[in-house]
Q: 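Encoded as structure tokens, here's the structure I'll be asking about.
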Amino acid sequence: MIFRQLFDAKSSTFTYLLADEVSKDAVIIDPVFEQSNRDIALITELGLNLTHSLDTHCHADHVTGSWLLKHKINSLIASAKVINAEYTDVALEHGDIIKFGQYELQVRATPGHTDGCLTYVCHAQKMAFTGDALLIRGCGRCDFQQGSASQLFDSIHQQIFSLTNDFSLYPGHDYSGRCSTSVAEEKLFNARLGGNASKQDFIGYMDNMTLPHPKYIDIALPGNLVSGKPDKLPQEPTWAPMELSYGGIYQVSPYWVATNLDKVTILDVRENEEVAQTKINGAITIPLGEVSTKLSTIPTDKPIVTFCRSGRRSALAVDILKKSGLTDVANIKGGMLAWQDQSLPYSF
Ligand SMILES: N[C@@H](CCC(=O)N[C@@H](CS)C(=O)NCC(=O)O)C(=O)O
Ligand SMILES: [Fe+2]
């Protein structure tokens, strides 16, 4: 199975991408609205077909990326039926199965942090995605969203600790840099319900926690009740059709540049010897090492597209130009190698 754990630093949320390496069908668990472009970049670079986004619950601390992923790459929105979120395509209930290629996730209701919390279990890989029901050495708070410590204790024991000890557990958040755990570890060491803690011990602990409400709860809850559909789409560059690489660089296709030469300034950052051999007409040439000191010589009346042999050095040039305050800048994907592959015009 293809498996990636992603992190949103602002909300300390984990997002998980799971895919079948053969069929390329993929699902994403708990996408974060602001990270949609990152997630789509990874999905695109790995050549995956995202069939579903799956939320573990109605998050109080961030808005889901589900609606935006559907809008951009057509995945179905799946979340707990109990939440009754608008725009849900698949309303999940305990016992449902989500298939992606040869793999499947079993849906287990694990209420207690919220009344609509789900845990997704991949039996074949011995992995469970627990959302905020069970965190590493902790668990989701129970003081809002129909939370109940008694119910959470039962959910964890009946639906998570009932998995074999060797199951790996992947939580919805971690606030201390930890990434995954196991059933065996949490049974022994969970700070709130491990080591034979009784339900009474657990409720005593949870009732006496004093956590401030999540900072973005007033935005997150209404946002998640509409599956993350924004009032207004996030702003994206409009001067060229563009894709964001998983490396974080906006890229334009060589073909678009070749057919829109009058709309951009091409900045070729190859060394002089390379430019002496092949060049794109009209491009200005500044070797990468001199870009920062020659910024003032680069015309800024048009968007700038950067260029080199393979598209690697020119990606760094995009970074340098952005840091200098320019906004309409992108890399020509694949550089001269792609340009030549596509038989676009250049001179010797
Ligand atoms: N400080 C965070 C809130 C963190 C928080 O309350 N997280 C929830 C999950 S949505 C929780 O259950 N935390 C349990 C804990 O921190 O022990 C924020 O402002 O967003
Ligand atoms: Fe939560």
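When a ligand or atom number is given, it counts from 1 through the structure's own listing order. Everything numeric in this text was worked out from a predicted model, so none of it was measured.
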Q: Which residues pass the side chain to side chain donor-acceptor pair (under 3.5 Å) test with Thr265, not counting sequence neighbours?
A: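 Per chain and number, Thr265 pairs via side chain to side chain donor-acceptor pair (under 3.5 Å) with no residue.
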Q: Spell out, yes or no, whether Tyr246 and Leu69 are grouped together once hydrophobic residues are joined by side-chain heavy atoms under 4.5 Å, including indirect joins.
A: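 Both belong to a single hydrophobic cluster.
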Q: Protein N/O/S atoms under 2.8 Å of the Fe ion (ligand 2)?
A: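 Sorted hits: His57 NE2, His113 NE2, Asp132 OD2.
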Q: Can you tell if the side chain of Val27 reaches within under 4.5 Å of the side chain of Tyr16, non-hydrogen atoms only?
A: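 Result no, sub-4.5 Å side-chain heavy-atom pair not found.
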Q: Got a list of side-chain donor-acceptor pairs under 3.5 Å for residues 222-230, not counting sequence neighbours?
A:
{"unit_1": "Asn224", "atom_1": "OD1", "unit_2": "Thr64", "atom_2": "N", "d": "2.7"}
{"unit_1": "Asn224", "atom_1": "ND2", "unit_2": "His59", "atom_2": "O", "d": "2.7"}
{"unit_1": "Asn224", "atom_1": "ND2", "unit_2": "His62", "atom_2": "O", "d": "2.8"}
{"unit_1": "Asn224", "atom_1": "ND2", "unit_2": "Ala220", "atom_2": "O", "d": "3.1"}
{"unit_1": "Ser227", "atom_1": "OG", "unit_2": "Glu86", "atom_2": "O", "d": "2.5"}

Q: Taking the side chain as every heavy atom from C-beta outward, state whether Met336 and Thr278 have any atom pair closer than 4.5 Å.
A: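 Sidechains of Thr278 and Met336: in contact.
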Q: Less than 4.5 Å apart, any side-chain heavy atom of Ile156 and any of Phe161?
A: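 Yes. Closest side-chain heavy atoms under 4.5 Å.
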Q: Check step by step if side chain to side chain donor-acceptor pair (under 3.5 Å) holds for Ser155 and Thr110.
A: CA-CA 5 Å; Ser155 290; Thr110 47; 5.5 Å; no
Q: Which atom pairs, nitrogen or oxygen on both sides, join ligand 1 and the protein at under 3.5 angstrom?
A:
{"unit_1": "ligand 1", "atom_1": "6 (O)", "unit_2": "Arg141", "atom_2": "NH1", "d": "2.7"}
{"unit_1": "ligand 1", "atom_1": "7 (N)", "unit_2": "Tyr175", "atom_2": "OH", "d": "2.8"}
{"unit_1": "ligand 1", "atom_1": "12 (O)", "unit_2": "Arg141", "atom_2": "N", "d": "2.7"}
{"unit_1": "ligand 1", "atom_1": "17 (O)", "unit_2": "Arg192", "atom_2": "NH1", "d": "3.3"}
{"unit_1": "ligand 1", "atom_1": "17 (O)", "unit_2": "Arg192", "atom_2": "NH2", "d": "2.7"}
{"unit_1": "ligand 1", "atom_1": "19 (O)", "unit_2": "Lys215", "atom_2": "N", "d": "2.8"}

Q: Just to verify, which of Leu267, Val329, Val264, Val318 counts as forming a side chain to side chain contact (heavy atoms under 4.5 Å, CB included) with Val305?
A: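 Only match with Val305 under side chain to side chain contact (heavy atoms under 4.5 Å, CB included): Val264.
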Q: When you compare the side chain of Thr56 with that of Thr130, does any pair of heavy atoms fall below 4.5 Å?
A: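 No, every pair of side-chain atoms sits at 4.5 Å or beyond.
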